[in-house]
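First listed ligand is number 1; within each ligand, the first listed atom is number 1.
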Amino acid sequence: MSSAADIVTETPLGGPTLPQERRLVTSIPGPRSQELIDRKADAVAAGVGHTAPVHAVAAGGGVIVDADGNSLIDLGSGIAVATIGNAHPKVVAAVQAQVAQFTHTCFMIAPYDSYVSVAEALNRITPGDHAKKSALFNSGAEAVENAVKIARKYTGKQAVVAFDHGYHGRTNLTMALTAKAMPYKSGFGPFASEIYRAPLSYPYHDGLTGPEAAKKAISIIEKQVGADNLAAVIIEPIQGEGGFIVPADGYLPALVEWCRANDVVFIADEIQTGFARTGEMFASEVFGIVPDLMTTAKGIAGGLPLAAVTGRAEIMDASHAGGLGGTYGGNPIACAAALAAIDVFENDGMLQRAREIETVLKGRLQQLQAADPRVGDVRGHGAMIAAEFVDPATGEPDAALTAAVAKVSIAQGVIVLTCGTYGNVIRFLPPLSITDDLLHEGLDVVAAALAAS
Ligand SMILES: *Cc1c(COP(=O)(O)O)cnc(C)c1O
């Protein structure tokens with residue numbers, strides 16, 4: 001049995017160079033992984049779950065290596081975070097340089113260049129050529145909280161509309177915005193007030209065109225909330241946790257238009273869809289919309305914790321000085337990582353790579369769908385593609401099948417994630433640094449798991 005130490009070699013820049021292969025030398029979990037899982041059970045709060053029972057010791061390209069020497073194909077990117085690959089050499093170099101320089105001054109105490117440079121980059125690369133400003137935070141949920149704060153301050157109104165199947169985080173306000181009770185909300189109330197929910201466009205289930213679905217949502221918003229009370233509408237352009245739901249053409253533009261006409265701030269939550277994931281820098285571009293505010297996190301900094309709100313300068317400037325911020329927000333190490341990651345997104349062919357991955361994923365999954373009626377729908381953009389599983393006899397969601405396929409795939413060395421309000425969606429979020437060979441092998445394993453389930 002080879003140990004992890006044998007197979008991790010350091011590049012001059014410090015990023016792990018790992019053989020790009022699926023390699024199982026023990027069953028999953030192996031003994032060392034099992035040891036960690038046992039310690040976790042004793043030491044870590046039970047509410048913090050895990051998808052794959054592995055003890056990760058290295059990751060890069062398209063693989064995660066565990067303490068037993070197994071090398072697993074990574075089709076999840078740590079939930080769309082390691083989009084440019086784990087420990088990307090440019091990120092490693094930027095982090096190493098910054099950590100030796102200074103680790104923290106607090107941007108609100110003594111500001112520094114990298115925070116301002118990240119803001120400038122975000123203002124430049126987000127959709128729309130209007131004047132923009134940004135503010136940086138630590139997590140996606142914190143960015144969403146701040147986007148809502150800013151929209152309320154700007155409009156002088158309080159209500160916020162979120163959508164069916166929406167996911168916006170785990171803090172109190174963002175739990176209220178999130179649709180799904182289990183596991184995100186159950187038992188954790190009471191939730192923040194003045195949050196309302198509108199219907200999404202979900203073509204596979206509602207059969208509506210985009211304009212029809214938008215008309216329905218807008219009618220509900222007008223009747224049940226009223227534009228005069230509404231500060232903001234917040235929506236993921238393609239829903240993440242909710243099931244990679246791609247709204248029908250025309251739905252998002254109609255919502256944006258209605259918001260513009262009614263002094264309502266349109267917030268695109270691009271925390272999962274942002275940074276080349278969909279084959280565009282941001283998913284808003286897939287639908288031709290320009291949001292007023294955008295929240296970003298996950299893929300922004302090559303794995304370091306960073307989040308942002310970016311948007312129209314007049315909206316972003318609505319808050320009084322001192323009203324926005326946080327001790328760690330825009331930490332210099334995370335900002336250095338983000339500048340390196342944004343360089344990779346812009347200059348190393350990442351949009352093109354995401355589109356190539358879409359072709360492979362959709363091609364393979366559509367083949368599966370043609371051969372197996374339990375694959376009800378295949379959808380998504382770029383390296384954000386999902387398969388929804390149903391009972392062919394009734395069309396009902398099949399969460400048990402979905403869980404079985406994911407479990408067997410992981411046991412065979414392929415990390416896949418599930419999602420969806422009904423738990424019946426497998427989502428594919430490979431790092432853009434994965435090879436085509438590994439991607440195909442990962443899909444072979446998922447296909448075999450489906451055939452066996
Ligand atoms: C993950 C996610 C969040 C929450 O981000 P955290 O960093 O986990 O707080 C919010 N919105 C969307 C769309 C997400 O995918």
ask   = Does ligand 1 have a heavy atom under 4.0 Å from the side chain of A297, from its backbone, from both, or from neither?
value = neither

request  = May I ask you to check whether Q272 has an N/O atom sitting below 3.5 Å from an N/O atom of ligand 1?
outcome  = yes

Residue E236 vicinity, atoms of ligand 1 by number, heavy atom under 4.0 Å = 13 (C)

request  = Report, in ascending order of atom number, the atoms of ligand 1 lying under 4.0 Å from any heavy atom of Y167.
outcome  = 1 (C), 2 (C), 3 (C), 11 (N), 12 (C), 13 (C), 14 (C)

query = Does the side chain of T155 come within less than 4.5 Å of D263's, by heavy atoms?
reply = yes

message = Ring-plane angle category for F107 and Y115, please: parallel below 30°, perpendicular beyond 60°, tilted otherwise.
response = parallel

message = Within ligand 1, which atoms have a heavy atom of H168 less than 4.0 Å away?
response = 10 (C), 11 (N)

inquiry  = I need the atoms of ligand 1 closer than 4.0 Å to a non-hydrogen atom of S139, numbered in the order shown.
reply    = 7 (O), 9 (O)

task = Answer yes or no: does an N/O atom from D269 fall short of 3.5 Å to an N/O atom of ligand 1?
result = yes

ask   = Below 3.5 angstrom, do we get any N/O pair linking K298 and ligand 1?
value = yes

message = Can you confirm whether the side chains of Q272 and Q239 place a donor and an acceptor under 3.5 Å from each other?
response = no

query = Just checking, is any N or O donor in the side chain of T171 or T174 under 3.5 Å from an acceptor N or O on the other one?
reply = yes

ask   = Nearest protein heavy atom to atom 6 (P) of ligand 1, by residue and atom, and its distance?
value = G140 N, 3.4 Å

inquiry  = Does any part of the side chain of T273, heavy atoms only, come nearer than 4.5 Å to the side chain of E270, both counted from C-beta?
reply    = yes

ask   = Going by distance alone, is a donor N or O of one side chain under 3.5 Å from an acceptor N or O of the other, for H205 and E388?
value = yes

remark   = Closest to atom 4 (C) of ligand 1 among protein heavy atoms sits A141 N, 3.7 Å

key: Carboxylate-amine/guanidinium proximity below 4.0 Å for D398 and R374   = no

